[in-house]
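What you see is a predicted model, and the numbers here were worked out from it, not measured in a lab.
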Amino acid sequence: MERRTIGAGALAVGAVGLGCMPMSWAYSGSRQRGDASLRTVHRALDLGSTLLDTADMYGPFTNELLLGRVLKERRPEAFVSTKAGLLVGEQHIVANGRPGYVRRACDASLRRLQTDVIDLYQLHRADPEVPVEETWGAMADLVRAGKVRALGLCAVGARGGRRFGSRLHDTTLRQLQRVQQVFPVSAVQAELSVWSQEALDALLPWCESRGVGFLAAMPLGNGFLTGTLTPGEGFEPDDVRARHPRFTAEMMASNQPIVAGLRRVARRYGEDVTAAQVALAWVLAQGRHVIALPGTKQERWAEENAAAAGLRLSAEDLLEVSRLPAAQGSWD
């Protein structure tokens, strides 16, 4: 698989990574199977999808424990990315960016992951009660201590207090400018897909101009862009899509022309090329430091996603995909 670099340290990873969250958090709990997920992680590494993306809150904690079982055997082959800064309660999630907590969280992640170093440690969300410089300084100390190799920041999403008329990533850009003064940012993780292109406006250019890696989260639109979801079929109560305005039966039906457009392009590249692979190839074409992080818990989808790294769309097809209809339904 093509390798791409993250940050000034030129950390090399496969162009398509593996988002591990669906294995134990947020998607269809009844379909989560530990053994199947382990096989998926092993297969992803076999195919060159070396970046394994997790977080301590996924589960919580169980996602890191699962990955630890793989890393115990194959640590040299993997690039481990995990996150801290969010605490999961009974009915709520809160940010904690206190330096003491960050240090304890890192040590706990190292134990669960069964490794002595985290390749990329990301701040999941800044704590509004703690200056982000203090949190980032504690994370930088972890790099100096040899527990972490590089630092990343997750973008504030559309539900994170976006004001009417403001650009989606203004808050994240301000945070990046502040933390960059404390310690270099190696990667930024934010949503980027055919139906969520906001990162192209300012966030991705910021990363490109500084050699910062861009980790494209949800590049398949929470599964919608694969074309495998049926409008009106419904989701399990614990599935995040059950509450997402783009996944009502009405909005899913309205957004079918996006999937149809991806399929139309896919047919030009062969019978075995899928809408999902076109969607991933479009994401990868947005910049030389972009790494796609499709999430899955199934081995067959990990194989399909990895194969997308070898798909090169023409300039005309990239433009056609970019001009597909805007998604209907939004958090804003």
R178 to W136 six-membered ring, cation-pi geometry met (6.0 Å, 45°): no

Verify same cluster id: L123, V212 (apolar side-chain graph, 4.5 Å): yes

Which atom of A187 lies closest to which atom of I6, heavy atoms considered: CB-CG2, 3.8 Å

SB check R264 E320 (cutoff 4.0 Å): yes

L11-L18 co-clustered via ILVMFWY side chain contacts under 4.5 Å: no

Separation between CG of D53 and CG of L120, rounded to the nearest 0.5 Å: 8.0 Å

Step-by-step side-chain contact (heavy atoms from CB on, under 4.5 Å) determination, R210 to V185: CA-CA 9 Å; R210 293 162 177 80; V185 178; over 6 Å; no

Hydrophobic cluster identity match, L200 and I258, side-chain contacts under 4.5 Å: yes

Carboxylate-amine/guanidinium contact E236 R241, below 4.0 Å: no

Audit row: R246, F224, side-chain contact (heavy atoms from CB on, under 4.5 Å) steps and yes/no: CA-CA 9 Å; R246 288 187 183 175; F224 183 83; over 6 Å; no

side-chain contact (heavy atoms from CB on, under 4.5 Å) evaluation trace for D239 with F247: CA-CA 11 Å; D239 194 312; F247 285 91; over 6 Å; no

Hydrophobic cluster identity match, L87 and M21, side-chain contacts under 4.5 Å: no

Pair T40, E299: side-chain N/O donor-acceptor within cut-off below 3.5 Å: no

Flag, side chain of R39 to backbone of H42, donor-acceptor distance under 3.5 Å: no

Check: S109/E64 side-chain N/O donor and acceptor closer than 3.5 Å: yes

Where V194 and Q197 come nearest, the two heavy atoms and their spacing: O-NE2, 2.9 Å

L293 with M218, same ILVMFWY side-chain cluster at under 4.5 Å: no

Side-chain donor-acceptor pair present, Q189, Q122, cut-off under 3.5 Å: yes

side-chain contact (heavy atoms from CB on, under 4.5 Å) between L313 and Y269, intermediate numbers included: CA-CA 9 Å; L313 301 179; Y269 292 85; 3.7 Å; yes

Sidechain N-carboxylate O distance under 4.0 Å for D116, R75: no

Parallel, tilted or perpendicular: rings of H124 and Y58 (30°, 60°): perpendicular

Atom of G223, atom of T228 and distance for their closest heavy-atom approach: O-OG1, 4.4 Å

Nearest heavy atoms of V102 and M139, plus distance in Å: CG1-CG, 3.7 Å

